[in-house]
Structures are given as C-alpha cells and as structure tokens.
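These values consider heavy atoms only, across backbone and side chains, with no hydrogens, waters or symmetry-generated copies. Everything quoted here is computed from the prediction, not taken from an experiment. Here, residue 1 is the first one in the sequence, and each next residue gets the next number.
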Amino acid sequence: MKNLKFAMLFGVLAFSSCIEQDIIDDAVPEEVRITNDVSALKIGETLVLEASYFNNVGEIENRTLSWQSSDETVLSINASTATATAKTEGTATIMVTVNGILGTLTDHKIITVTQNDAMMSNAKKGTFMTTSSYKAAGDFEITSTTNGIKIELASNYVADTSLPGFALFLTNNPNSLANALQIDAYDDADGAHYTGAFTYNVSNVGLNDYKYLVQWCRPFSILTGKALITDK
C-alpha cells in the first residue's frame, strides 16, 4: 500500500510540474495569408489565387476576400473568379484584403512575369527555439513536392528525450494543439526522431498552409520547442 501511495504521489507531482509549464494563452493575432506558393508566371499563364483567413485562435474561417494587382498591365486580376493572368514581362504585387475582427487585414506577394517557363515555388525555413526547460534547437527547410511538402531537419536538430509522447506538429497557433497537424510518431516505440538530420514528407499540405513547426509533449500538453516558418 505504501508503494502504491508513493507512485500516486509521484504521478501527481510530475503532472503538476508539467501543468505549471503549460499555463499559456492560446490567443494569436488574426491574419489573412496568401497560400499560393508560386512566385513567377510565364506570359499568358493564369493562376487561381488562394488565401485563408485565420481567426484569433488560428482557426480558418470563411470570409469574403478581395484581390488587387499593383500593375494590371503586368498581372491582371479577375475579381469575380480570383484569377490572375500574366500579361507582360515585369513584376506586380498581388494584395488580398479581408475584414477581420479588429479591422482590415491584408497580405502581399510579389509575382514576376517572364517570357520563359516559370511557375517557381518559394522554399521556406525555420529555427527551433526552446519554450520550456526542455531541449529544443535546430534548423529546417520546407519545399514543395508533387503532392505536398518536404520538411528537412538539419544536422543540428535536437529534441528532448525525457518526456513521453513527443511529437512534431504543423500549426497556425503554437499555443494550442487544436487544429494542429501531427507529422510524426509520438513515442519511442513508434520511432519519434530526436537528434540530427531527418526528412518528413507530408501529403496534401501546401507550402503556405501553416505558420509554425512545433514540438509538444502530447500527454501533458507541454510546448517544448517552436519555430516560425519564413521565406528562405
């Protein structure tokens, strides 16, 4: 009976320790984000413009989007179909606008129009920073594939092995697991990756669909590492 009481007490203390590190606000700034990963078009090519509005907890909401081009002679936009058409060589900035909770939100993207084949995609990158007393570090790159994205962890990648239920997630809200996409196993038996270079291929995900790559101790909901995904 003494051993059982000790085990129960140890579990409570361990859980309390985890909870103390997890008192965080799950609110994030609302935003609108252009999700097309194309940065160049050939004259005559068209592009269906895509963007998502994320509310103040990082969830996608359906809202009316308005599109504009900084130079209609280079890149014209059909507002009713949200389609851009490459007209002449040059560069133009596309802008999307939406009415958010606190006001108007916008996002911009520069498109280059050329005479040659284009449709170039932008690579992404990031660096993990620790968000707790547990280890988290390392760089990564993200590129498009034919059916999704490829996440390549660098040789300096480190995750903490002392917590159970470790996993990596793509998310638009680093403060919550709600609506996050788990991209790997979350225990040692299933092959979670903790150190060094590694590659994940994630299907049906666009290059601009998520803003963060994060490390979590899933059973205790502890955010151990966070990386903002930025243009390379």
Side-chain angles (χ1 to χ4, degrees), residues 27-127 140-152 170-174 179-181 202-213 227-232:
V28 293
E30 58 176 339
E31 68 169 323
V32 62
R33 186 186 315 147
I34 296 172
T35 54
N36 298 97
D37 63 354
V38 175
S39 60
L41 292 170
K42 183 181 177 181
I43 293 174
E45 287 182 326
T46 60
L47 175 68
V48 177
L49 301 172
E50 298 175 343
S52 295
Y53 163 75
F54 301 90
N55 63 19
N56 59 354
V57 291
E59 296 176 336
I60 293 177
E61 285 186 10
N62 290 325
R63 297 218 175 187
T64 301
L65 304 174
S66 299
W67 294 92
Q68 288 181 298
S69 170
S70 65
D71 192 337
E72 288 280 338
T73 64
V74 174
L75 189 73
S76 66
I77 293 179
N78 184 324
S80 62
T81 61
T83 301
T85 302
K87 295 289 190 179
T88 60
E89 280 192 298
T91 60
T93 300
I94 56 174
M95 180 176 74
V96 63
T97 304
V98 66
N99 291 323
I101 299 171
L102 300 178
T104 302
L105 301 169
T106 62
D107 191 23
H108 304 77
K109 187 177 185 66
I110 297 174
I111 302 291
T112 301
V113 177
T114 70
Q115 289 186 352
N116 304 315
D117 289 336
M119 298 297 287
M120 297 182 299
S121 295
N122 300 317
K124 299 287 186 177
K125 66 178 181 178
T127 300
F140 62 87
E141 292 186 2
I142 305 178
T143 53
S144 295
T145 62
T146 54
N147 65 341
I149 60 173
K150 178 170 65 175
I151 302 173
E152 296 180 279
L170 287 164
T171 184
N172 287 300
N173 184 347
N179 302 304
L181 176 65
V202 187
S203 300
N204 302 316
V205 172
L207 199 60
N208 297 303
D209 288 352
Y210 293 96
K211 192 173 182 178
Y212 297 91
L213 184 60
L228 177 66
I229 300 171
T230 62
D231 291 334
K232 185 176 177 182

Note, Ile111 side chain near Thr91 side chain (heavy atom, < 4.5 Å): no

Student check: side-chain heavy atoms of Ile60 and Tyr53 closer than 4.5 Å: no

Asn36 (side chain) donor-acceptor with Glu50 (main chain) under 3.5 angstrom: yes

Interatomic spacing from CG in Asn208 to CD1 in Ile229 - rounded to 0.5 Å: 9.5 Å

Glu141 and Lys232 ion-paired at < 4.0 Å: yes

No-hydrogen, no-angle side-chain donor-acceptor test under 3.5 Å, Asn55 and Glu61: yes

Glu30 and Asn56: side chain donor to acceptor below 3.5 Å: no

Spatial distance of atom CG (Leu49) from atom NZ (Lys109) [nearest 0.5 Å]: 11.0 Å

Residue Gln115 excluded, over 12 heavy atoms near CD under 6.0 Å: no

Worked verdict on Thr83 versus Leu47 for side chain to side chain contact (heavy atoms under 4.5 Å, CB included): CA-CA 6 Å; Thr83 301; Leu47 175 68; over 6 Å; no

Check: Leu181 and Val205 side chains under 4.5 Å, non-hydrogen atoms: yes

Backbone N/O of Thr73 and side chain of Thr88: donor-acceptor pair under 3.5 Å: yes

Backbone N/O of Lys211 and side chain of Asn172: donor-acceptor pair under 3.5 Å: yes

Residues, nucleotides or ligands: over 12 heavy atoms within 6.0 Å of Asn62 CG: no

Student check: side-chain heavy atoms of Ile151 and Leu213 closer than 4.5 Å: yes

Residues Thr171 and Asn173: side-chain donor-acceptor under 3.5 angstrom: no

Asp209 side chain to Asn204 backbone, donor-acceptor under 3.5 Å: no

From CA spacing to verdict: side chain to side chain contact (heavy atoms under 4.5 Å, CB included), Thr230, Lys124: CA-CA 5 Å; Thr230 62; Lys124 299 287 186 177; over 6 Å; no

Expected output: side-chain Ser69 to main-chain Ile94 donor-acceptor under 3.5 Å: no

Thr145 side chain reached by Asn147 side chain, heavy atoms, under 4.5 Å: yes

Atom CD of Gln68 with >12 non-hydrogen neighbours under 6.0 angstrom: no

Stepwise side chain to side chain contact (heavy atoms under 4.5 Å, CB included) test for Thr104 and Asn99: CA-CA 5 Å; Thr104 302; Asn99 291 323; 3.7 Å; yes

From CD1 (Ile149) to CG (Leu170), nearest 0.5 Å: 5.0 Å

Leu207 side chain reached by Ile142 side chain, heavy atoms, under 4.5 Å: yes

Exam field: side chain Arg33 to backbone Asp107, donor-acceptor pair closer than 3.5 Å: no

